[in-house]
Asker: 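Input: one structure, supplied below.
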Protein chains: 2
Amino acid sequence: MVNSKNILSSVEEKCVERGIRLTPRRRQVLDVLVQEEAALSAYEIAQRCNADSDNPMPAMSVYRILDFLQEQQFVHRLETANKYISCSHLSCAHEHLQPQFLICNSCRRVEEIDLSSSAVAAMASAASAAGFASISSQLEVNGLCDRCVHANA
Amino acid sequence: MVNSKNILSSVEEKCVERGIRLTPRRRQVLDVLVQEEAALSAYEIAQRCNADSDNPMPAMSVYRILDFLQEQQFVHRLETANKYISCSHLSCAHEHLQPQFLICNSCRRVEEIDLSSSAVAAMASAASAAGFASISSQLEVNGLCDRCVHANA
DNA sequence: TAAGATACGATACACTGTATCATTTAGTTG
DNA sequence: CAACTAAATGATACAGTGTATCGTATCTTA
Ligand SMILES: [Zn+2]
Ligand SMILES: [Zn+2]
Ligand SMILES: [Zn+2]
Ligand SMILES: [Zn+2]
């Protein structure tokens with residue numbers, strides 16, 4: 001169980017710094033994502049909000065709130081799966097431009113990584129050979145996490 | 001303009017070898033993709049089929065046919081965009097396991113590449129550092145192709 | 001030709017995301 | 001505090017995408 005209270009107060013501070021509002025609705029959506037290791041779709045988020053609250057969360061609100069949270073880099077969107085995951089740097093000062101993700105094909109959990117410069121250089125070299133001048137991408141790589149490998153060994 | 005006739009007869013041969021059928025419908029869908037440098041959605045494919053034919057192509061047929069063409073590796077599906085593109089190795093004997101793609105953000109054209117082993121090794125190393133034992137992925141990298149870079153210079 | 005398998009046509013439907021407008025809430029100013 | 005303004009939310013309708021399902025047609029094979 002993640003200590004979402006500490007994480008959310010860090011986010012609260014950042015919002016104050018940036019002069020933006022972390023409303024109860026936004027906080028609720030972010031909390032759902034912070035407590036989840038796997039990525040969730042917008043409708044899955046709405047369902048979880050409605051599970052532990054009497055005030056129904058419409059899916060449309062989820063989309064709006066996700067837009068806001070993405071702009072602030074509090075959550076990221078996995079383009080391949082079209083799902084959302086909280087940033088793993090909510091409680092630190094780490095800055096990232098484009099995040100990269102590893103997605104476990106077995107347990108679906110997602111790890112946010114920073115690719116080494118050598119890996120990026122190797123990608124850029126392959127792109128150049130194929131007639132592409134520049135690449136800038138959020139890489140999403142599927143695989144198997146250690147936990148699942150050991151569990152199935 | 002691509003010489004789709006030669007490409008399609010190569011595909012025809014492969015179908016004979018594999019004991020499968022390249023029906024007129026399947027040929028029609030494949031032809032649309034062969035003649036297009038950019039990736040197309042299922043509904044876009046249906047529209048193009050209907051543009052130059054009086055026999056309407058239902059979207060549902062397109063999906064079924066795309067399933068077939070994907071199984072045979074005649075076309076690939078871009079997971080990020082949810083669009084389809086013909087394999088660039090239709091008329092040769094090149095074998096690939098997981099293809100990788102470069103997608104131009106300006107003109108949308110797609111290049112199918114084979115990542116160098118060093119690039120793959122660099123990716124695997126980053127994954128290992130993040131607690132992922134194995135990766136196996138169809139990488140899709142956005143960028144700018146040389147043509148577009150020169151055109152906008 | 002008859003039986004079975006494969007491919008296709010057609011309809012309905014679920015899911016996802018957007019557009020739009022009304023309403024409420026939160027800040028701002030006099 | 002009252003009035004104003006902007007931001008956020010509620011609510012409805014709708015378009016696009018993909019699937020499920022059933023019936024029909026075509027091909028294969030004995
Ligand atoms: Zn992040
Ligand atoms: Zn796992
Ligand atoms: Zn290919
Ligand atoms: Zn281009």
Side-chain angles (χ1 to χ4, degrees), chain A residues 8 11-12 14-33 38-51 53-72 74-85 108, chain B residues 8 11-12 14-33 38-51 53-72 74-85 108:
Chain A
L8 287 191
V11 173
E12 198 95 50
K14 291 184 183 181
C15 287
V16 173
E17 288 171 15
R18 301 176 195 180
I20 54 175
R21 280 187 280 167
L22 190 65
T23 65
R25 285 308 211 182
R26 289 170 174 175
R27 190 186 179 94
Q28 190 182 9
V29 167
L30 184 56
D31 200 22
V32 165
L33 286 175
L40 297 176
S41 75
Y43 279 76
E44 284 169 341
I45 294 168
Q47 283 172 10
R48 305 219 178 184
C49 290
N50 292 330
S53 167
D54 47 348
N55 190 9
M57 171 73 79
M60 313 308 128
S61 294
V62 175
Y63 281 108
R64 268 189 301 230
I65 290 168
L66 286 172
D67 285 343
F68 167 84
L69 294 174
Q70 274 185 275
E71 282 170 19
Q72 300 301 324
F74 294 148
V75 310
H76 302 295
R77 175 168 170 270
L78 295 190
E79 297 175 349
T80 46
N82 206 8
K83 294 187 174 181
Y84 301 84
I85 189 157
R108 310 311 303 173
Chain B
L8 286 190
V11 172
E12 198 93 49
K14 291 185 184 178
C15 287
V16 173
E17 288 172 16
R18 301 178 195 177
I20 55 177
R21 282 185 279 165
L22 188 65
T23 65
R25 286 309 211 182
R26 289 169 173 175
R27 191 187 179 93
Q28 189 180 11
V29 167
L30 184 56
D31 199 21
V32 165
L33 286 174
L40 296 176
S41 74
Y43 280 77
E44 285 169 341
I45 293 168
Q47 283 171 11
R48 305 217 178 188
C49 290
N50 293 329
S53 166
D54 48 350
N55 190 9
M57 171 74 78
M60 311 311 128
S61 294
V62 175
Y63 282 108
R64 266 188 303 229
I65 291 169
L66 286 172
D67 285 343
F68 166 83
L69 294 174
Q70 273 185 275
E71 281 169 19
Q72 300 301 325
F74 295 147
V75 310
H76 303 297
R77 174 168 170 268
L78 296 189
E79 297 175 348
T80 46
N82 205 8
K83 295 186 174 181
Y84 302 83
I85 188 157
R108 310 313 302 172

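A, B, ... follow the sequence lines: proteins, then strands. Residue 1 opens every chain.
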Asker: Tell me, with the steps shown, if B/L33 and B/I85 meet side-chain contact (heavy atoms from CB on, under 4.5 Å).
Answerer: CA-CA 6 Å; B/L33 286 174; B/I85 188 157; 5.6 Å; no
Asker: Show your working on side-chain contact (heavy atoms from CB on, under 4.5 Å) between A/E79 and B/E79 and close with a plain yes or no.
Answerer: CA-CA 8 Å; A/E79 297 175 349; B/E79 297 175 348; over 6 Å; no
Asker: What heavy-atom pair brings A/V32 and A/R48 nearest, and what distance separates the two atoms?
Answerer: CG1-CB, 3.9 Å
Asker: Okay, side chain of A/R21, backbone of A/C15: is any donor-acceptor separation there less than 3.5 Å?
Answerer: no
Asker: Can you tell me how far C1' of D/dT17 sits from CG of B/L40, to the nearest Å?
Answerer: 15 Å
Asker: Can you tell me how far C1' of D/dG10 sits from CG of A/D54, to the nearest Å?
Answerer: 16 Å
Asker: Separation of A/R27 atom CZ from D/dT9 atom C1', in whole Å?
Answerer: 18 Å
Asker: Using atom types as modelled, flag every donor-acceptor pair under 3.5 Å from a side chain in residues 54-70 of chain B to any protein atom, sequence neighbours excluded.
Answerer:
none

Asker: Report the distance from atom OH of B/Y43 to atom P of C/dT16, rounded to the nearest whole Å.
Answerer: 16 Å
Asker: Roughly how far, to the nearest 0.5 Å, is the NZ atom of A/K83 from the CG atom of A/L78?
Answerer: 9.0 Å
Asker: Whole Å only: how far is the OH atom of A/Y63 from the P atom of D/dC14?
Answerer: 19 Å
Asker: In whole angstrom, give the distance that lies between atom CD1 of A/I45 and atom C1' of C/dT16.
Answerer: 13 Å
Asker: Going 5' to 3' through nucleotides 3-12 of chain C, assign each nucleotide B (protein heavy atom under 4.0 Å from a base atom), S (under 4.0 Å only from sugar-phosphate atoms) or - (no protein heavy atom that close).
Answerer: ---SSBBBB-
Asker: Rounded to the nearest angstrom, tell me the gap between atom CG in A/L22 and atom C1' in D/dA7.
Answerer: 15 Å
